[in-house]
Number of protein chains: 2
Amino acid sequence: MSAMILVVEDEPAIRELVVLNLQQAGHRPVVADSAEQALALVRESLPDMILLDWMLPGMSGVEFARRLKADGRTRDVPIIMLTARGDEQDKITGLETGADDYITKPFSPRELNARIKAVLRRRAPQMAGDAVEVTGLRLDPATHRVTGNDRPIELGPTEFRLLHFLMAHPERVYSRAQLLDQVWGNHVFVEDRTVDVHIRRLRCALEATRHDGLVQTVRGSGYRLSVHT
Amino acid sequence: MSAMILVVEDEPAIRELVVLNLQQAGHRPVVADSAEQALALVRESLPDMILLDWMLPGMSGVEFARRLKADGRTRDVPIIMLTARGDEQDKITGLETGADDYITKPFSPRELNARIKAVLRRRAPQMAGDAVEVTGLRLDPATHRVTGNDRPIELGPTEFRLLHFLMAHPERVYSRAQLLDQVWGNHVFVEDRTVDVHIRRLRCALEATRHDGLVQTVRGSGYRLSVHT
DNA sequence: GCCAATATGACAATTTGATGACAAAAATGC
DNA sequence: GCATTTTTGTCATCAAATTGTCATATTGGC
């Protein structure tokens with residue numbers, strides 16, 4: 001949970017509505033009332049998701065989305081578009097442009113939350129708040145608990161986030177730089193080698209239940225969580 | 001228990017019926033015979049739930065609900081709509097507008113109570129009025145009493161609400177910010193660290209019956225009530 | 001064996017939570 | 001209304017856990 005979500009919406013009433021709802025759901029909303037302002041914010045720091053009104057004064061939502069999709073840095077940020085009811089053409093254009101989902105106004109908070117969670121699950125599993133399990137190793141973000149074959153495992157905050165990320169994206173190699181971005185945050189200044197140390201601490205903790213083998217070193221590339229040898 | 005429930009219904013007979021039933025169940029009913037009057041009442045003070053007749057003279061129930069959902073202050077108030085039997089379109093419109101549940105007239109008092117309780121449980125478990133118990137620690141909202149292994153425990157108002165919330169949502173971690181929102185109210189300006197102090201006071205009180213271990217610190221994340229070590 | 005990459009253990013700085021004290025504010029009793 | 005008692009929020013301080021970095025050992029590939 002706790003995803004940073006950028007809300008681009010010019011109508012103050014709806015904006016506040018959405019913001020309150022997001023906070024309630026445990027996310028961190030950031031607002032912009034125009035595509036221009038949104039672009040500036042995105043340049044500062046990447047959100048985990050964007051809720052985008054399709055009808056905006058100035059630069060339209062379509063154009064804004066197109067720019068995001070054209071930039072490699074922002075290409076992968078999921079977009080949910082907010083459209084007026086029945087505006088079929090918008091939906092088509094939107095999905096073609098690369099939006100991940102759309103919601104027609106007026107929408108219920110429940111529906112909004114459901115779609116956000118669905119998109120997060122697809123695009124950024126570690127933010128969806130679901131428990132993950134791999135061969136007896138289980139991590140539950142809601143209770144903040146880790147167990148190996150049902151025996152509790154103690155982890156420091158960083159090791160917890162690191163394991164969470166790796167378990168949410170198993171079988172894939174991540175460079176130290178990528179891990180720093182994903183687990184530490186994309187604006188910190190930390191040595192690459194620091195990742196090694198935390199990997200070691202993580203392995204240490206997992207050793208108790210023989211799950212340390214899951215965290216594998218890929219020489220020259222980085223680390224990977226894998227069930228295979 | 002003791003939720004303040006706004007009943008919006010133009011037919012006096014049904015209104016009285018519902019009111020009596022609500023009182024019987026321990027709630028505090030407030031009545032309005034039109035959406036306009038209801039809006040005025042809501043402006044005064046927020047009810048915990050609204051029972052809304054879908055067929056109203058003047059402003060319709062749909063429109064009334066829509067307005068409530070459009071205002072951040074009233075957005076989260078659960079709505080149960082009362083519809084005539086078989087009016088399927090109403091149900092659909094109603095649920096889309098954000099109603100939490102519906103009941104078709106005529107309904108039995110039992111059914112009404114059941115649905116009210118269900119919605120309260122879903123939306124604000126600590127308002128449902130059920131006593132909660134965890135390993136000998138018992139909190140009863142109805143009598144406003146806390147006991148540990150049947151020995152009475154004294155708590156200040158804030159500690160009571162805090163424990164109530166935690167017991168209503170066991171095993172889950174809540175950040176200090178979330179606890180402030182849920183226990184203090186989402187509009188107060190209080191230091192995050194204040195939560196620490198109240199947690200400590202709560203633990204102090206629970207110490208007498210060895211239940212202080214239930215309130216656990218999750219370093220870097222927040223607090224949790226859990227039966228596990 | 002050599003080289004580069006990674007693992008490891010130790011360490012100091014920083015962060016985080018616990019605790020006791022205190023004054024303001026609210027509730028209560030008279 | 002006024003005095004007394006509770007409750008509340010904040011702070012300063014202490015103890016403990018976490019974190020990033022480094023120096024050094026180990027490993028794997030060639």
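Worth saying up front: this structure is predicted, and the values here are computed from it rather than measured. Residue numbering restarts at 1 for every chain, and letters A, B, ... go by the order of the sequence lines.
Atom CG of B:D196 and atom C1' of C:dT16 are 9 Å apart (whole Å). Across the protein-nucleic acid pair, A:F160 atom CZ and D:dA17 atom P stand 19 Å apart, rounded to whole Å. Between the CZ atom of B:R200 and the C1' atom of C:dT16 there is a distance of 17 Å, given to the nearest Å. In this structure, CG of B:L162 is placed 14 Å from C1' of D:dG9, rounded to the nearest angstrom. As a whole-Å value, the separation of B:L155 CG from D:dT6 C1' is 14 Å. The CG-P distance, from A:L202 to D:dT18, rounds to 14 Å in whole Å.
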Sequence-aligned protein contact record of nucleotides 20-26 of chain D, with B where the base is within under 4.0 Å of a protein heavy atom and S where only the sugar-phosphate is
BBB----
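Under the side-chain hydrogen bond (donor to acceptor under 3.5 Å, both in side chains) criterion, B:E133 pairs with B:R138, sequence neighbours left out. Among residues two or more places apart in sequence or in another chain, the side-chain hydrogen bond (donor to acceptor under 3.5 Å, both in side chains) test is passed with B:R224 by B:Q216. Looking at residues two or more places apart in sequence or on another chain, you find a side-chain hydrogen bond (donor to acceptor under 3.5 Å, both in side chains) between B:T217 and B:R203. Residues that satisfy the salt bridge (Lys or Arg N to Asp or Glu O under 4.0 Å) test with A:R67, not counting sequence neighbours, are A:E63. Legend: residues meeting salt bridge (Lys or Arg N to Asp or Glu O under 4.0 Å) with B:R176, ordered by chain and number and at least two apart, are B:D196. Scored by the salt bridge (Lys or Arg N to Asp or Glu O under 4.0 Å) test, A:R121 finds A:D130 as partners (sequence neighbours excluded). Residues satisfying the side-chain hydrogen bond (donor to acceptor under 3.5 Å, both in side chains) criterion with B:R210, sequence neighbours excluded, are absent altogether.
Closest non-hydrogen pair, A:P78 versus A:D100, comes out as CA-OD1, 3.4 Å. The shortest non-hydrogen separation linking A:S226 to A:E171 is OG-OE1, 2.7 Å. Of all non-hydrogen atoms in A:A35 and A:V8, the two that sit nearest each other are N-CG1, 4.2 Å. Looking at every heavy atom in both residues, B:L137 comes nearest to B:H211 through N-NE2, 3.4 Å. Across every non-hydrogen atom of A:R161 and A:V183, the tightest pair is NE-O, 3.1 Å.
At a non-hydrogen distance threshold of 4.0 Å, A:R176 from residues 170-179 of chain A come into contact with DNA chain C. The stretch residues 203-222 of chain B touches DNA chain C through B:R203, B:T217, B:R219, B:G220, each having a heavy atom under 4.0 angstrom from the strand.
Remark: B:Y223 is not in phosphate contact with C:dT16, judged by side-chain N or O atoms under 4.0 Å from OP1 or OP2.
Axis angle between the ends of the helix from C:dG1-D:dC30 to C:dC30-D:dG1, five pairs each and rounded to 10 degrees, works out to 40°.
Contact annotation for B:E154: no contact, since no heavy-atom pair falls under 4.0 Å across all strands.
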Identify every side-chain donor-acceptor pair in residues 141-156 of chain B under 3.5 Å, counting partners at least two apart or on other chains, and give the distances.
none

